[in-house]
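Heads up, the thing below is written out as C-alpha cells.
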Amino acid sequence: MIKRWLAAWQIAAVYVGTVVGAGFATGKEIIAFFTQYGKIGTMGVLISGWLFAWLGMRMMMMARALRASSYKQLNDYLFGKTASTFVTFIMTIMIVGVTSVMLSGAGALFEEQLGLPKPLGMLATIVLVFAVMLYDAKGLFAVNVFVVPMMILFSFVLLGKLLLGGEWCGPSSSSPSSWSAFFSPLSYAAFNLAMAQPVLVPLASEAEDDRVVKWGALLGGILLTSILLSSHFVLLSFPHVLRYEIPMAEIVRTFFTYFYWLYLFIIYGEIFTSIIGGVFGLQRQFQAFSSTLFLAILFLILYTISSFRYGSLLSFLYPMFGYISLLFLVLLLFRKIPQTSK
C-alpha cells in the first residue's frame with residue numbers, strides 16, 4: 001500500500017509540475033483566467049480543479065487501456081486516425097513552442113535577476129535538462145518530487161501570512177462577471193490537460209496498476225486546486241494587481257521581501273519542470289530515434305527558437321490550439337474508456 005501511494009505521489013507531482021509553469025508562477029495566468037473576475041473567479045478555480053482531477057484520471061485510464069506510449073496513440077482514439085495526424089502535428093508544434101518560451105523565460109530570469117547573460121542561463125538550463133533526461137522517467141520523477149512540495153509550501157506560506165495579518169481577500173481590482181468568466185475555467189483546464197497529455201499518457205501506460213494511476217490523477221487534481229486557490233486568494237487580496245506584468249513578484253517584493261530569493265528559485269523550478277515535461281513528451285513521441293541524438297537535435301531547435309521573437313507565430317497557433325483543446329476536453333468527457341486494460 002505504501003509503495004502504491006509513493007508511486008501515486010510521483011504521478012501527482014509530475015502532473016502538477018507539468019501544468020504549473022512560468023505564467024502560473026508570476027500570477028499573470030491566474031489573473032487572466034480567474035482573479036480578474038473577483039470572487040466569482042473562486043468558483044472557476046474549483047471547476048478547473050474538478051476537471052483536472054476527473055478528466056486527468058479519465059485521460060490516463062484511456063491511455064492505460066490503449067497501451068498508448070505517446071500522445072499520438074491517444075489522439076488516434078479520441079479524434080480518429082485521419083484527424084489525429086493534423087491534431088498531433090499542431091500539438092507537437094505547440095509543445096515545441098511552449099517549451100521554447102519556457103527556455104527563454106529561464107534565460108530571462110538569469111539576465112534580469114542575476115545579472116548574467118541570457119544565453120548563459122539558457123545553456124545552463126539545457127545542460128541540467130539533458131542530465132535529468134539521461135535518467136528518463138526516473139529523472140522526471142526525481143525533479144518534480146523535489147520541486148512540487150516547495151511550490152505547495154511556498155503558496156501556503158504566503159496565504160498563511162495574509163491570514164495572520166488579517167489582509168485576506170481585501171479590496172481588489174476585478175472586472176464584472178461575464179460569459180468569459182464562465183468559459184475561463186473550461187478553457188484553462190482544456191489547454192493544460194492537452195499540454196499535460198504528452199507527459200501523462202506514457203506515465204499512465206508504464207504505471208504499476210490502475211489504482212496508482214487513479215490515485216495519482218486525483219491527488220494531482222487536488223494539489224493543483226489547492227495551489228490555484230491559495231495563489232488566487234493572495235492575488236485577490238491586493239489592490240491594483242492587474243497593473244503589473246509580474247504581479248506575484250511585485251507582491252513578494254513589497255510585502256514578503258525575505259521570501260524574494262526563494263520565490264525566484266520557485267519560479268525557476270516551475271519553468272524547469274515544464275521544460276522537462278515538454279522534452280519528455282516529445283522524446284516519447286519520437287522514441288524510434290536515438291535518445292541522445294534526439295535530445296541534442298531537440299535542444300538545438302529549442303535554443304534557436306527561444307533566441308528569436310516569434311510572437312506572431314504563437315498568436316496564430318494559440319487560438320487554433322485553444323479550439324483543439326476544447327474539442328479534446330469534450331472528447332475526454334464523452335469517449336468511453338476502452339474495456340481492454342493493462
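The figures that follow rest on heavy atoms only: side chains count, while hydrogens, waters and symmetry mates do not.
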*Taking C-beta and beyond as the side chain, do Leu51 and Leu186 meet within less than 4.5 Å on heavy atoms?*
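With C-beta onward as the side chain, the pair touches.
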* Asked: Would you call Met195 and Ile95 a side-chain contact if the rule is heavy atoms closer than 4.5 Å?
  ->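 They are in side-chain contact.
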Item checked: Worked check of side-chain contact (heavy atoms from CB on, under 4.5 Å) between Leu200 and Thr18 -> CA-CA 9 Å; Leu200 298 183; Thr18 303; 5.5 Å; no
Under the ring pair (Phe, Tyr, Trp, His ring centres under 6.0 Å) test, which residues partner [X], sequence neighbours left out?
X	result
Trp215	Trp5
Phe34	Tyr188
Phe299	none

By side-chain contact (heavy atoms from CB on, under 4.5 Å) - contacts of [X] (at least two apart):
X	answer
Val143	Val132, Val147, Phe272, Thr273, Ile276
Asp209	Arg4, Arg64, Arg211, Val212
Trp50	Trp54

Listed partners of Arg335 passing salt bridge (Lys or Arg N to Asp or Glu O under 4.0 Å), at least two apart
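If we apply the salt bridge (Lys or Arg N to Asp or Glu O under 4.0 Å) test to Arg335, skipping adjacent residues, there are no hits.
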For [X], all residues meeting side-chain hydrogen bond (donor to acceptor under 3.5 Å, both in side chains), sequence neighbours excluded:
X	answer
Ser230	Ser155
Tyr71	Thr92
Ser226	none

Scan the side chains in residues 116-129 for donor-acceptor partners under 3.5 Å anywhere in the protein, sequence neighbours excluded, and list what turns up.
{"residue": "Lys118", "atom": "NZ", "partner": "Ser104", "partner atom": "OG", "Å": "2.9"}
{"residue": "Thr125", "atom": "OG1", "partner": "Gly121", "partner atom": "O", "Å": "2.8"}
{"residue": "Thr125", "atom": "OG1", "partner": "Tyr268", "partner atom": "OH", "Å": "2.8"}

*Taking it one step at a time, do Phe328 and Phe79 satisfy side-chain contact (heavy atoms from CB on, under 4.5 Å)?*
CA-CA 8 Å; Phe328 177 76; Phe79 294 90; 4.0 Å; yes
Query raised in the report: Checking side-chain contact (heavy atoms from CB on, under 4.5 Å) for the pair Leu302/Met102: CA distance, chi angles, key distance, verdict?
Result: CA-CA 10 Å; Leu302 293 176; Met102 293 296 166; over 6 Å; no
Contacts table for residues 83-91: side-chain donor-acceptor under 3.5 angstrom, sequence neighbours left out:
{"residue": "Ser84", "atom": "OG", "partner": "Asp76", "partner atom": "N", "Å": "3.2"}
{"residue": "Ser84", "atom": "OG", "partner": "Asp76", "partner atom": "OD1", "Å": "2.7"}
{"residue": "Thr85", "atom": "OG1", "partner": "Lys81", "partner atom": "O", "Å": "3.3"}
{"residue": "Thr88", "atom": "OG1", "partner": "Asn75", "partner atom": "ND2", "Å": "3.2"}
{"residue": "Thr88", "atom": "OG1", "partner": "Ser84", "partner atom": "O", "Å": "2.8"}

Rounded to the nearest 0.5 Å, what separation is found between the CE atom of Met151 and the CG atom of Leu224?
->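 Nearest 0.5 Å value for the CE-CG distance: 9.5 Å.
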